[in-house]
Amino acid sequence: MNQMNLAFDLYHLWEVCGGQMILIVAGLFLILVDMMLLHKDVEVRGKWLGWLTVFIFAATIGHMACREWELHDIVFMNIFSADKFSIFVAIIMACSGMLVALMSIGYLRNNRLMNGEYYILLVFAVAGAIGLVQSVDLLMMFLTLEVMSLAIYGLAAFLKDSPFSQEGALKYFLLGSFGSALFLFGVALIYGFTGTLNITEVAQAISNGTYQSLPLLTAFALIIAGLFFKMAIVPFHMWTPDVYEGAPSVVTGFMATAVKAAAFGIFMKVLFVTFTPILATNGQPDFASTVNLSALNPYWKPVIWWGALLSMFFGNLLAVSQTNIKRMLAYSSIAHAGYMAVGIIAANGEGRTGVLFYLFAYTLMNIGAFGVVYIIDGVERKAQELDDYRGIGYRYPTLAFLLSLFLVAMAGLPPTAGFIAKFYVFSAAIKEGYFLLAALGVLTSVIGAYYYLRVIYMMYMKEEIREVVRGAVAAPTVVALVITALGVLYLGMLPEKLASIANLAQQSLAMIF
Amino acid sequence: MDYYFLLFAIMAVGAGIFTITVKDALPSALGLLTVFIALAALYLHLHAPLIAIFQVSIYAGAILVLVVFVIMLLITPDEALETAQKNISYRAMGAILGVYLIALLIIGLKGINQLVAQKSLPEGFGKPSQIGDLFFRKYILHFEISSVLLLVALVAAIYLAKKRA
Amino acid sequence: MNAPILTYVTFLPLLGVLFILAVPQRDEAGKNVIRGIALVTSLLTFLASLRIYAAFDPSVAGFQLLEDHPWIPSYGIHYKLGLDGLSFWLILLTTFLTPLTILSTWRAIDKRVKEFQVALLVLETAMLGTFVALDLFLFYVFWELMLIPMYLIIGVWGGERRIYAAIKFFLYTAVGSLLMLVCIIGLVYFHYDSTGRMTFDLLQLYGTHIPRNYEIAFFAAFALAFAIKVPMFPLHTWLPDAHVEAPTAGSVILAGILLKMGTYGFFRFAMPLFPQGSAFFAPLIIVLSIIGIIYGALVAMVQPDIKKLVAYSSVSHLGYCMLGLYVLTRQGVEGSVLQMINHGISTGALFLLVGIVYERRHTRLIKEYGGIARIVPIYSTIFLIVTLSSIGFPTTNGFIGEFLILLGAFKVNKVAAVLAATGVILGAVYMLWMVQRVFYGEVTNPKNLTLTDMNLREVAYMLPLLVLIFWIGLYPNFFLKKMHTSVDHFINQVKIEQTSQGSQMASIHEVPGIEAATVSMAKE
Amino acid sequence: MDKYIFLIPLFPLIGFLINGLFGKRLGKGIISFIGCMSIAFSFIVALFIWKDLLSLEPEHRVFTQTLWEWMSVGGLKVDVSFMIDPLSMLMILVVTGVGFLIHVYSTGYMWEDESYWRYFAYLNMFVFFMAMLVLGGNYLVMFVGWEGVGLASYLLIGFWYQGIDNAVAGKKAFIVNRIGDFGFVLGMFLMFWTFGSLSYLDVFPKALELFEHGSLALNSPVLIAICLLLFIGATGKSAQIPLYIWLPDAMAGPTPVSALIHAATMVTAGVYMVARTNVLYTLAPTALLVVASIAAATAFFAATMGVLQNDIKKVLAYSTVSQLGYMFIGVGVTAYWAGVFHLMTHAFFKACLFLCSGSVIHAMGGDQDMRHMGGLAKKMPITYMTMLIATLAISGLPPFAGFFSKDEILGKAFAFPYHPLAGKIIWFIGTVGAGITAFYMFRLIFMTFHGKFRGTEEQKHHLHESPATMTVPLIILATLSLFGGWLGIPELIGKLFGHVPNILEGFLEPVFEHSSRIVAQYGHHVHVAEPVEWTLMATSVVVAIIGISLAFYIYMVRGEELPKKLAERFAFHYQVIYNKYYVDEIYEFLIVLPIYYFSIFLWKVVDAFFIDGIGVNGPAWLVKRTSAGARLVQNGFVQTYGAFMLVGIVTLLCFFIYR
Amino acid sequence: MAGINDYIILSCILFGLGVIGFLTRRNALILFMSVELMLNSINLMLVAFSASMADMGGQVMVLFIFAVAAAEVAVGLAILICLFKHAKSVDVNRFNLLKW
């Protein structure tokens with residue numbers, strides 16, 4: 001083989017980034033199919049593309065879970081790593097993609113918008129997201145972040161006839177570019193100090209004591225800010241409600257879960273690999289210098305403390321006065337970001353496990369909720385006001401029950417996944433002595449319970465004031481809803497399995513070196 | 001004193017200020033163009049000829065032209081578009097925050113020259129061939145991904161721009 | 001050893017739910033089938049709980065009929081069930097009251113019957129689970145689980161301001177219980193720090209060494225959660241709203257069982273887990289209980305709405321329970337436990353009775369009635385008997401509970417006992433005044449002339465309650481016998497810790513005698 | 001026979017259950033039969049037990065029976081047990097005996113009532129609870145009866161509940177009694193924590209033992225507290241100051257009920273209880289003094305209030321209060337047997353008086369106002385005669401029953417061993433009160449049976465003697481009023497007739513022997529010489545005669561104008577006394593209304609406004625308002641959002657740089 | 001020869017100017033250009049680092065950033081054009097259908 005021609009080992013790439021490769025290749029394939037498939041009926045074409053996308057995601061999940069999960073040689077070219085943590089998050093995002101794809105088939109049909117670009121963008125968005133969490137290279141992070149973001153800008157703006165969708169997308173775009181610029185500034189600085197972009201090498205480079213030098217802190221702050229934007233942590237959350245409200249419902253579900261998972265995943269990865277490295281508990285810790293392991297704790301911990309608290313507080317508080325259910329769920333997603341941040345602040349294994357579990361659980365319940373929302377909507381923005389939900393409980397009992405289940409899960413009540421997830425993150429924080437944060441956090445979740453319950457009482461306890469006709473329920477959506485509902489209940493009652501996997505995953509963060 | 005740097009630095013800052021203060025979008029674009037050119041000059045100074053060329057060709061030549069094109073497309077002459085926020089305090093707040101950010105960044109990055117490794121440049125540093133070499137060795141994956149990035153942008157842009165199917 | 005009877009009892013209602021879900025409720029027949037299934041399920045649950053009665057050994061101080069399976073091993077969370085003499089009767093009370101409640105809803109709940117019965121049965125499971133769970137996490141799960149069905153019962157089938165009441169109920173309870181969760185986790189980690197073992201097992205957590213200020217804080221959080229449920233004095237305002245707005249069945253369950261969870265929480269969790277915190281707050285809790293007793297009675301007196309009156313009377317009655325619990329004498333504690341059962345029976349019965357006239361007249365305002373004793377003699381007789389039970393008339397259950405509590409309290413704190421005893425007078429005042437205004441005098445409202453007396457079904461579900469009222473009143477030993485050892489154990493558990501901390505609580509061996517009395521007299 | 005003690009309460013209970021559950025479907029005859037026979041059986045059983053009791057040595061005359069263990073918690077062990085000793089024997093005989101007569105009377109009196117069955121059910125229930133009270137072997141069983149008779153009283157006062165006043169009176173009785181019970185219960189608590197038991201057979205020996213060991217001093221505070229707390233209970237049940245106010249209102253019930261419950265039996269429960277607790281009271285002289293003082297005050301004031309009442313039953317009610325005062329004087333001055341003696345004689349003559357008044361009311365068609373009566377003697381001779389006998393008895397004229405008992409009490413009061421001076425004052429008040437009693441009782445007789453009939457024509461037409469079911473009990477009771485006192489002939493008089501023994505004192509002696517011993521040991525030895533004793537006796541007779549004469553002068557000789565003149569002359573006093581010293585109004589104003597308005601305040605202001613409004617809904621409101629306000633920050637302008645981000649990053653940088 | 005510090009300061013100023021433009025202008029297109037200004041400042045910094053460290057990586061990064069900038073502009077403009085069809089304006093202050 002000529003080394004010049006082939007700068008890397010393709011097989012190794014396939015091993016490490018198989019999921020991404022499947023998605024990218026499949027994305028290209030989808031473009032082809034979209035152009036070639038000359039079926040007259042747009043609907044049929046859309047449906048086929050949709051199912052194809054679902055299949056692609058299923059294949060991706062299967063591949064990642066079966067092969068990449070058990071890898072030993074996990075880092076490829078110092079750019080991508082297939083550590084269990086990244087793969088876990090990647091699987092969450094692929095699941096989110098699959099569920100969203102399932103729902104999109106029905107959603108797009110209801111909205112008479114069967115363009116294939118949707119699925120292409122969805123696939124690339126997930127590919128970008130997976131690339132993001134897999135990358136251990138800051139430049140690659142930026143690039144994949146942009147791949148994901150651009151795809152999502154496109155998805156958010158997908159309702160071309162809706163000014164809301166376009167406006168949301170534009171806001172997202174403008175602020176997103178701003179956020180990316182901040183992130184990039186930080187990345188550039190890191191590059192400047194260390195001469196490298198690989199996060200493990202960065203960690204090694206700064207382990208000699210430059211931890212607390214001002215420029216590095218500045219770079220750290222800028223990276224935090226850039227990622228907080230994607231995580232929607234207060235005060236970088238302002239775009240969330242507008243974009244979530246404007247974007248197509250299923251896309252909102254996707255944004256609230258996959259994008260959030262990607263952001264949290266990469267944040268934790270950067271934090272716990274570069275800035276506050278954790279040591280391998282088994283295996284061999286390559287990273288020898290343990291002196292400064294927690295030198296940055298006093299910097300980022302208060303930041304996340306406040307960020308988590310403010311997110312929980314403002315997210316829940318502002319959700320109270322919302323009348324649009326999507327906007328309400330958007331605020332609630334801010335609050336959930338806050339809860340997850342509580343898990344990060346604990347900075348212990350339980351906390352990271354908790355965050356991973358939370359991401360998974362949140363994916364299930366949030367996508368499920370948006371699925372119900374879009375069905376009740378019929379056509380986007382037709383019935384999104386809370387008043388439209390009056391009496392739904394008797395008009396559409398199953399839908400209402402499902403929505404109640406998801407909302408109850410989000411409110412964090414047993415026996416749902418939401419409760420266990422909250423339990424995990426809060427118990428991790430309490431373990432580290434963050435009683436006050438935990439107490440304030442649970443109090444804000446009381447506010448949260450109020451607005452979730454409000455939807456439930458609208459559905460079950462109020463007389464309807466106008467006749468809401470739900471949209472058609474497509475079979476794939478039913479599948480997705482069943483999966484999410486069962487998942488929410490299953491994880492609520494038997495969380496141990498997923499939690500132990502997540503625990504394995506978070507432990508692998510120490511193994512990236 | 002490095003007059004070359006000083007000249008283009010002042011030019012870049014001045015043009016930048018012009019860009020963000022001028023009333024209409026078109027002159028603003030021209031201001032940005034000036035910034036780009038000034039930066040390109042600095043790139044040359046920093047042994048990055050290829051970047052400088054790309055700066056002029058891609059940025060000024062492609063991106064900015066695209067922007068100008070859209071400006072022409074979107075702004076009909078009869079539409080009087082206020083350029084800046086009417087509310088002075090709003091503008092002042094933005095400016096103050098921005099200045100504050102600049103100050104903080106400068107303070108925060110004080111002493112960066114001790115951190116950044118300072119090596120003497122090897123022979124032929126910044127030659128395009130080196131870049132090409134890196135592109136296809138170390139940065140091949142980035143390259144691939146950026147192609148995906150452009151593809152995604154393309155798909156999104158085409159979808160949004162095309163007439164409804 | 002043998003069949004996991006507690007699990008069967010706890011989850012049997014859910015089995016009924018499955019059947020109910022399969023039945024369509026389009027017509028009256030379907031509804032009746034649903035009601036029938038619910039009734040049969042709850043009766044079967046009651047029968048199954050009699051197995052518990054048979055298997056229960058009152059001579060064992062610890063927990064019995066234990067079931068222990070790992071649930072979330074990494075956190076040491078177990079599916080652990082068990083009961084002792086303190087929870088024993090509460091479980092039976094739950095299984096006993098539920099069929100009666102279901103019977104009472106036969107006609108009252110005509111809309112959305114299926115959903116209602118499902119909610120009721122799920123609620124029963126949650127309540128039973130709360131009483132048998134010996135793992136803090138499991139307990140918390142059940143504790144929260146009961147919120148949703150209760151929320152729906154109040155909110156969907158309730159009165160005019162039902163949504164306000166339901167949300168108030170929900171949020172109020174949630175505030176306390178979430179803080180409790182935080183402290184549960186904190187406790188577990190304190191235990192973990194000292195033993196290196198993660199466990200939510202209550203039995204292992206007893207006696208965990210916690211720094212004093214943390215213990216006080218933890219107790220405060222637990223106490224808040226439970227005090228809200230009890231409800232103790234300044235935290236009681238959700239109760240009248242919830243009671244007034246809830247449908248009859250909801251009120252019965254709420255008063256009969258849900259409130260007991262607060263007191264149950266105190267004696268199962270808050271007090272034994274944090275004896276120091278408990279001792280620290282004991283004066284406050286005693287004072288609040290007494291305020292609750294008197295305040296509840298006074299406010300009950302001036303209520304224009306019968307249900308609200310009964311609701312406030314609950315505040316008063318539960319004040320006795322708390323007082324009895326906190327004086328930590330055998331009489332006090334056993335009286336307290338008995339009073340919980342009594343309150344479940346008599347207040348449950350009162351709500352059922354109010355429901356009966358509400359069903360006919362759709363009003364609960366006292367002034368809408370008057371002189372109906374002549375029109376509905378059976379009803380008024382039963383009402384009077386239940387009233388007597390509620391005001392603690394000897395030979396009824398209420399007397400035994402109040403007597404024991406006050407007797408126990410008298411030993412520890414005479415002022416408290418005297419003040420609390422005034423509640424007995426006030427209780428007679430508000431109940432009898434209400435009885436007088438509702439039943440006696442001329443019939444002033446012509447609408448009441450057409451009232452019909454209780455029918456067979458209504459008599460059928462009142463009779464068991466009446467039997468119990470007198471059973472407990474005449475032969476309380478039957479009930480007390482089962483709890484002696486557990487109560488002793490409980491007092492030891494709470495007190496030994498305290499005395500070792502130098503608390504001035506008296507010794508547990510309360511052999512009554514002149515010595516103690518003369519000493520205390522000499523002091524005065 | 002002691003195995004069968006439980007039958008005494010059981011029969012009335014069965015009667016109650018049958019009449020109560022099935023009475024509506026039974027005929028009146030069967031109801032009457034069940035109602036009366038259940039009491040009769042009890043009476044017979046009591047007689048048999050009495051016979052057995054008498055067959056024992058005096059000091060061993062105690063029967064006990066334990067049915068089942070009621071409560072046993074820690075040190076507390078309470079059984080459902082009965083105890084019969086001479087005291088309870090006497091009481092139960094009175095209760096069942098008089099009770100039986102009144103049941104029989106009631107069959108005539110209530111025959112027309114539509115709720116006949118209910119009446120008998122309640123009445124049987126009353127006897128059941130009264131039997132529990134009397135026979136109970138410990139204070140808690142006594143308390144069961146104690147509250148139980150209160151319930152029966154409540155139900156029977158409000159028997160005609162359609163009249164709201166009757167229901168209110170019933171409620172008032174119950175609640176006032178509850179206030180007393182509050183004291184009783186606390187007394188029990190203190191007793192339990194002092195002596196470790198509530199059983200008579202444990203408490204009294206233990207108290208004596210402690211006393212003899214010196215660990216319990218005479219007049220020790222704990223004893224005083226126990227006795228006074230129990231006495232609070234007694235003031236409630238036995239209508240003493242300050243809790244007597246319910247009794248006059250209680251006359252709203254049917255007259256036989258007044259006779260049985262509010263004259264003969266229930267109201268004397270307090271006396272019984274004090275007599276039962278004599279050991280403790282004797283050990284607490286201060287408590288005794290309080291009892292006697294309150295009793296004397298009650299005896300006097302109630303008598304004055306009786307003077308001006310026009311309602312025939314109200315007169316009797318106040319007289320009952322007054323006579324109860326005498327009984328308490330008796331037990332209060334350690335003359336326990338005398339108190340019980342008066343209790344018994346009072347049961348006879350007061351039951352008789354009430355039943356007679358019932359007979360009169362029956363004849364008057366329900367009218368109770370004496371101003372409408374007059375000259376009934378001719379129309380209803382039996383009633384007149386029996387009532388006259390009873391009135392003479394209550395007025396304390398020899399040889400009627402009241403003379404002996406009242407005189408015994410006053411004589412013992414004069415010689416109060418613990419406080420001789422106080423005893424003399426009490427004697428004086430009691431004697432004056434006796435005179436007033438004689439006055440108003442004869443006023444009643446004169447206004448009712450003499451003079452012209454002042455009622456309507458229709459009433460006049462209707463006047464008739466009552467049926468035999470009513471008159472026979474009257475005659476029996478009148479006979480007892482006449483001869484009942486002879487059971488307790490004082491030594492002084494007994495000597496005259498050649499050592500007639502004081503049967504009753506002898507019978508009761510074992511119950512009070514410890515008390516007598518202690519009194520003899522620790523009390524002052526007040527020697528009352530024989531002439532003094534004679535003088536005392538004569539004084540009370542004279543006073544009674546004066547009272548009667550005065551009544552005769554005012555109401556017979558001067559006819560109708562003198563009372564009016566007097567009323568005008570002493571308008572103020574008249575009003576005050578006529579309105580019972582405004583006690584009800586004062587209670588209303590000082591206690592009831594403040595509590596009521598305080599409760600309203602608690603509800604509307606504390607509960608609804610402060611706790612619920614500010615404390616609970618306040619945060620909710622705050623959250624909603626802040627939410628509504630804070631959402632405005634999210635104003636839709638992308639640059640605002642950018643500004644917030646910038647604020648965030650600037651804060652972050654500041655923190656990182658300047659930390 | 002200008003030191004690395006000077007370039008950094010220059011790039012900070014340019015970045016700040018971009019931020020100020022982003023916050024103060026109403027024309028969406030000028031907002032776009034402000035973002036471009038920010039990206040360019042970063043480019044300058046990277047090139048300066050690259051020259052200082054004698055590492056070509058910085059220059060390569062700049063090229064990727066060019067690509068990103070181009071892609072962003074393409075998508076952004078497409079969205080803007082789409083939105084223009086509805087709002088008939090490029091004034092960002094007009095884009096507040098979504099708020100509160």
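Chain identifiers are assigned alphabetically (A, B, ...) following the order of the sequence lines, protein sequences preceding nucleic acid strands; residue numbering begins at 1 within each chain.
- To the nearest 0.5 angstrom, D:I657 atom CD1 is 4.5 Å from A:T218 atom OG1.
- For the set A:G226, A:G179, A:A221, the entry with the most heavy-atom pairs within less than 4.5 Å of chain D is A:A221.
- Counting heavy-atom neighbours within 6.0 Å of A:K301 NZ, excluding the residue itself, gives a total above 12.
- One finds the CZ atom of A:R327 at 5.5 Å from the CD atom of D:Q634 (value rounded to the nearest 0.5 Å).
- Rounding to the nearest 0.5 Å places CG of D:L646 at 9.0 Å from CZ of A:F236.
- Taking the six-membered ring where tryptophan is involved, the planes of A:Y299 and D:F655 are perpendicular, since the angle between them exceeds 60° and thus also 30°.
- When each of A:H237, A:Q322, A:E167 is scored by its heavy-atom pairs under 4.5 Å with chain D, the top score falls to A:Q322.
- Within a 6.0 Å sphere centred on CH2 of A:W306, heavy atoms belonging to other residues, nucleotides or ligands number 12 at most.
- Between chain D and the options A:F228, A:Y331, A:F314, the largest number of non-hydrogen pairs under 4.5 Å is found for A:Y331.
- Comparing A:D242, A:V320, A:I447 by how many heavy-atom pairs each has under 4.5 Å with chain D, the most go to A:D242.
- Within the model, atoms OG1 of D:T626 and CZ of A:F313 stand 6.0 Å from one another, a figure rounded to the nearest 0.5 Å.
- Of the two parts of A:Y450, only the side chain, counted from C-beta on, holds a non-hydrogen atom closer than 4.5 Å to a non-hydrogen atom of chain D.
- Put simply, CG on A:L175 and CZ on D:F644 are 12.5 Å apart, with the number rounded to the nearest 0.5 Å.
- If you take CG on D:L652 and CG on A:L182, they are separated by 10.0 Å, rounding to the nearest 0.5 Å.
- Enclosure of atom OH in D:Y587 by more than 12 non-hydrogen atoms of other residues, nucleotides or ligands within 6.0 angstrom is indicated.
- In this structure, chain D has heavy atoms under 4.5 Å from both the backbone and the side chain of A:L317.
- D:Y641 is not listed as a side-chain neighbour of A:L174, based on a closest heavy-atom distance of 4.5 Å or more.
- With chain A as the partner, the residue from D:G648, D:S627, D:P619, D:A630 showing the most heavy-atom pairs under 4.5 Å is D:S627.
- Looking at D:V647, neither its backbone nor its side chain comes within 4.5 Å of chain A, counting heavy atoms on both sides.
- In this structure, the portions of A:L222 lying under 4.5 Å from any heavy atom of chain D include both its backbone and its side chain.
- For D:K24, the NZ atom counts as loosely surrounded, since its 6.0 Å shell holds 12 or fewer non-hydrogen atoms of other residues, nucleotides or ligands.
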